[in-house]
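As the structure is a computational prediction, the values presented were derived from the model and not from experiment. Throughout, a chain's letter reflects where its sequence line sits, starting with A, and its residues are numbered from 1.
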There are 2 protein chains.
Amino acid sequence: MRDDHRTGTDPDAVTLGRIETEIALLMRLGEATRRATGTAEHRVLDRAAYVILRHLDKAGPQNVSALAARLNLDGSTVTRQVSALQRDGLIARTPDPADGRGTVISPTPAGLQRMAAVRAARTRLYGEILADWTGDDRDTLADLLHRLNEALDARNRRR
Amino acid sequence: MRDDHRTGTDPDAVTLGRIETEIALLMRLGEATRRATGTAEHRVLDRAAYVILRHLDKAGPQNVSALAARLNLDGSTVTRQVSALQRDGLIARTPDPADGRGTVISPTPAGLQRMAAVRAARTRLYGEILADWTGDDRDTLADLLHRLNEALDARNRRR
DNA sequence: CAGATTTACCTGTAAGATACAGCTATCTGT
DNA sequence: ACAGATAGCTGTATCTTACAGGTAAATCTG
């Protein structure tokens, strides 16, 4: 199963090569899965909208810059995405009382509901996909992914 | 740390919710990382080009349709990506001797070299990011990601 | 084997995500 | 109070991708 013949013989490098392979694959499969799930019947939320609503739900209302920084996106990107979300009634913009330049973005009940529906659908999907995994393996996967994300995030934030 | 207050109390659902969260995050961070690494100095390979070259390297020369099916992409998408790769001298098209409609896509030495360079850079990057992980944890991560991808792929392929 | 169907690939068109550059309004430190 | 930083927006451009429709080749069917 190893396809790392050109990475060298260092076992550490082999493992890192495998991780690289699997993450690249996961990105592709995740995209395909998202496309297959979301777009088909629901036409509910595009990728960015979901992430923004998730973040607003978790971290509370905040302005565009904070969102952009947190999501590693350009401010202009978030501006447009927020505009679309507002058009669809999924978030609300209010002037920031503490800063005349800023606007605070909050999810609307409709937005939270839409987000929760997508989340539930995806969670259900992972339940199907991982149906034959042990609870331990699922826990370990969740833990390791969490640590991986923390490490990636720390690295991105440092640069 | 749990943010699954609205997913219910079933511990299984909690874990699945965490997995969903972490995968969504990883997709975003992975994108950001790719953008930060690849585009900056090298301007080497965009995402699709890398995936196509990886696949050609692993699975051998094949035609556009096979690539599209394997990568879960529309044929027209692969056609264009292959055209760009050909323009840049990274793949070669030859008429399929067994099928007058088809063209076989093969990586060129330049393409393989470019791909290997990106791969090495990413592997190095993961080495930095996971510098303080134990070898065991890295192995486990690689294994679980592999299994996750197999499960996702099986599911995508079934539909 | 002739006509119908399927397949492989390409092109036109369109949409979404994202970045960068440049603009205005506002804020902050000295 | 002014210079510089910051927040957000708009214009423009690129990349990725899909769907619809077209042509040519292969395959099936009676």
Side-chain angles (χ1 to χ4, degrees), chain A residues 24 27-40 43-53 61-88 91-105 156, chain B residues 24 27-40 42-53 61-88 91 93-105 156:
Chain A
M27 303 268 293
R28 177 138 303 270
L29 287 171
E31 266 303 295
T33 304
R34 181 184 67 79
R35 229 174 287 125
T37 347
T39 313
R43 188 82 215 114
V44 264
L45 282 180
D46 51 31
R47 167 174 42 176
Y50 179 65
V51 185
I52 288 177
L53 284 169
Q62 55 200 277
N63 61 30
V64 173
S65 305
L67 272 174
R70 207 62 164 78
L71 303 176
N72 275 303
L73 292 173
D74 191 82
S76 66
T77 302
V78 176
T79 292
R80 281 176 238 268
Q81 286 168 341
V82 161
S83 299
L85 283 165
Q86 184 181 33
R87 168 177 41 75
D88 297 343
I91 61 96
R93 272 173 165 129
T94 52
D96 188 339
D99 188 334
R101 297 165 299 180
T103 49
V104 178
I105 315 298
N156 277 344
Chain B
M27 304 268 292
R28 179 138 302 272
L29 286 171
E31 265 303 294
T33 303
R34 180 186 67 80
R35 227 173 288 124
T37 347
T39 313
H42 299 107
R43 186 90 215 109
V44 263
L45 284 180
D46 49 33
R47 169 174 39 175
Y50 180 63
V51 184
I52 288 177
L53 284 170
Q62 54 200 278
N63 61 31
V64 173
S65 306
L67 272 174
R70 207 63 163 77
L71 303 176
N72 275 304
L73 292 172
D74 191 82
S76 66
T77 301
V78 176
T79 292
R80 281 176 237 269
Q81 286 167 345
V82 161
S83 299
L85 283 165
Q86 184 180 33
R87 169 177 40 74
D88 297 344
I91 61 96
R93 272 171 165 132
T94 52
D96 188 338
D99 187 335
R101 297 165 298 181
T103 50
V104 177
I105 315 299
N156 277 344

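Residue Gly102(B) is classed as a sugar-phosphate contact, given heavy-atom separations below 4.0 Å to backbone atoms only.
No hydrogens or angles were tested; on distance alone, nothing pairs the side chain of Thr103(B) with the base of dC9(C) as donor and acceptor under 3.5 Å. Between the side chain of Arg80(A) and the base of dG16(C), no donor-acceptor pair of N or O atoms lies under 3.5 Å.
To the nearest angstrom, P of dC19(D) lies 11 Å from CG of Leu73(B). One interatomic measurement links the two molecules: CG of Asp74(A) to C1' of dT14(D), which rounds to 14 Å at whole-angstrom precision. Taking atom CG of Leu67(A) as the reference point, atom C1' of dT18(C) lies 16 Å away to the nearest angstrom. As rounded to whole Å, 13 Å separates atom C1' of dA18(D) from atom CG of Asn72(B). If you measure from atom CG of Asp96(B) to atom C1' of dA26(D), you get 12 Å, rounded to the nearest angstrom. To the nearest angstrom, P of dG16(C) lies 15 Å from CD1 of Ile52(A). Residue Ile105(A) contributes atom CD1, which lies 13 Å from atom P of dA7(D) at whole-angstrom precision. Between Gln81(A) atom CD and dA19(C) atom C1' there is a gap of 12 Å when expressed in whole angstrom units.
In this structure, Val104(A) and Gln62(A) have side chains that are not in contact, with every pair of non-hydrogen atoms separated by 4.5 Å or more. Looking at Thr103(A) and Asp96(A), their side chains never come closer than 4.5 Å, going by heavy atoms from C-beta outward.
Each of Val64(A), Asn63(A), Leu53(A) was scored for a side-chain contact (heavy atoms from CB on, under 4.5 Å) with Ile105(A), with one residue passing: Val64(A).
Other residues, nucleotides and ligands place no more than 12 heavy atoms under 6.0 Å from the CZ atom of Arg70(A).
Distance alone, capped at 3.5 Å, places no donor-acceptor pair between the Thr77(B) side chain and the Leu73(B) backbone.
Between Thr77(B) and dA18(D) there is a side-chain N or O to OP1 or OP2 distance below 4.0 Å. Taking 4.0 angstrom as the limit, Arg93(B) places none of its side-chain polar atoms (N or O) nearer than this to OP1 or OP2 of dA8(C). Dashed line: the shortest gap from a side-chain N or O of Thr79(A) to OP1 or OP2 of dC9(D) is under 4.0 Å. Taking 4.0 angstrom as the limit, Ser65(B) places a side-chain polar atom (N or O) nearer than this to OP1 or OP2 of dC9(C).
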Expected string for nucleotides 25-30 of chain C under the B/S/- scheme (protein heavy atoms, under 4.0 Å, primed atoms plus P, OP1, OP2 as sugar-phosphate) is BBS---
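With values rounded to the nearest 0.5 angstrom, Ser83(B) atom OG is found 7.5 Å from Ile91(B) atom CD1.
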Criterion side chain to side chain contact (heavy atoms under 4.5 Å, CB included) on Asn72(A) and Arg28(B), from CA distance to verdict: CA-CA 8 Å; Asn72(A) 275 303; Arg28(B) 179 138 302 272; 5.6 Å; no
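With the nearest nucleotide of DNA chain D identified for both Asn63(A) and Arg28(A), Asn63(A) has the one nearer the 5' end.
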